[in-house]
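Take a look at this one; I'll ask things after.
Both ligands and their constituent atoms are indexed starting at 1 by order of listing.
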Amino acid sequence: MSTSNPQGRGAGWIQGGACCTAPPLLTGKPWRVVLLGPPGVGKGTQAALLARHRSVCHLSTGDIFRAARELPPEQRTPALNAALEYMRRGDLVPDEIVLDLLRERMHCLRCPPGFLLDGFPRTVAQAQALEALLAGENIPLNAVLDYELAVEEIVARISGRRTCPNCRAVFHVVASPPRVPEVCDHCGSRLIQREDDRPEAVRLRLQVYEERTKPLTDYYQQRGLLIRIPATGTPEEIFQRTVAALDGR
Ligand code: AMP
């Protein structure tokens with residue numbers, strides 16, 4: 001199974017600005033959810049599936065940086081260039097840069113159906129800033145999903161991951177291969193391996209996750225928001241597990 005963002009959604013998040021075609025919330029409660037878990041655990045895949053299931057915006061900070069990397073150099077600010085250098089190494093972009101981007105995109109957090117935050121927050125400082133921003137708007141989080149998987153499995157997943165640089169669909173050479181090898185099923189572009197999915201960057205990303213992002217599980221546990229989800233099995237199985245856990249709240 002591959003995933004991609006629904007067409008025309010999320011442009012305001014990725015490029016900045018207020019453009020968004022998200023529908024209003026018609027039934028049920030909004031979903032305002034954070035997805036946590038180590039790199040490669042499948043948060044992006046799950047976020048895309050959940051976004052489609054509930055017409056909720058999938059907001060990935062990694063996608064903002066990847067889109068910025070495609071901009072011509074004259075359109076990148078010095079702060080963005082510095083951010084892309086951290087990203088290339090597999091390190092975290094400094095909190096101030098990420099938080100500035102989030103503040104510029106506050107309208108996405110006010111979206112009536114809600115949002116799925118994928119890859120943010122990544123540090124306790126980011127979580128505190130998010131909490132303050134949401135409290136100011138009176139839009140509290142409903143849940144924080146913590147996807148758990150053994151390290152060996154994570155490394156296998158990341159090394160086989162292939163991404164479409166055009167429509168952002170994600171494949172895996174073994175678990176969810178494209179119909180034609182190395183070619184995107186959705187738009188026909190040639191698939192790539194993300195620069196930060198190379199082995200040396202992956203090692204650093206896992207270490208950074210343990211040191212700086214793992215403490216967030218305690219942070220959200222103390223606030224009664226944490227839901228642990230085993231990330232074993234197929235994307236569809238993990239998705240069903242996630243929906244059952246969210247519906248059960
Ligand atoms: P991701 O696609 O979420 O794995 O993000 C890819 C890269 O973007 C990360 O390895 C970081 O360099 C950077 N990044 C994305 N989100 C954040 C964040 N919330 N804080 C710091 N760096 C981030």
If you take all heavy atoms of Ile227 and Arg249, which pair is closest and at what distance?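 Minimum heavy-atom separation between Ile227 and Arg249: CD1-CD, 3.2 Å.
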Near ligand 1, at a heavy-atom separation below 4.0 Å: residues by chain and residue number: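 Shell around ligand 1 (4.0 Å, heavy atoms): Thr61, Gly62, Phe65, Arg66, Met87, Asp91, Leu92, Val93, Val98, Gly119, Phe120, Arg122, Gln126, Arg194, Asp196, Arg205.
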Hey, are Asn81 and Arg76 close enough side-chain-wise for a donor-acceptor pair under 3.5 Å?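 Side-chain D/A pair, Arg76 to Asn81: present.
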Tell me the closest heavy-atom pair linking Asn166 and Ser189, and the distance in Å.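 Smallest interatomic distance, heavy atoms only, reads CB-OG, 3.2 Å.
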Using the ring-ring contact (aromatic ring centres under 6.0 Å, His included) criterion, which residues pair with Tyr220? Sequence neighbours excluded.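 With neighbours one apart ignored, the set is empty.
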With a 4.0 Å cut-off, would you call Arg162 and Asp197 a salt bridge?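 No salt bridge links Arg162 with Asp197.
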Donor-acceptor pair, distance only, cut-off 3.5 Å: does the side chain of Lys43 make one with the backbone of Tyr147?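 It does not hold such a pair.
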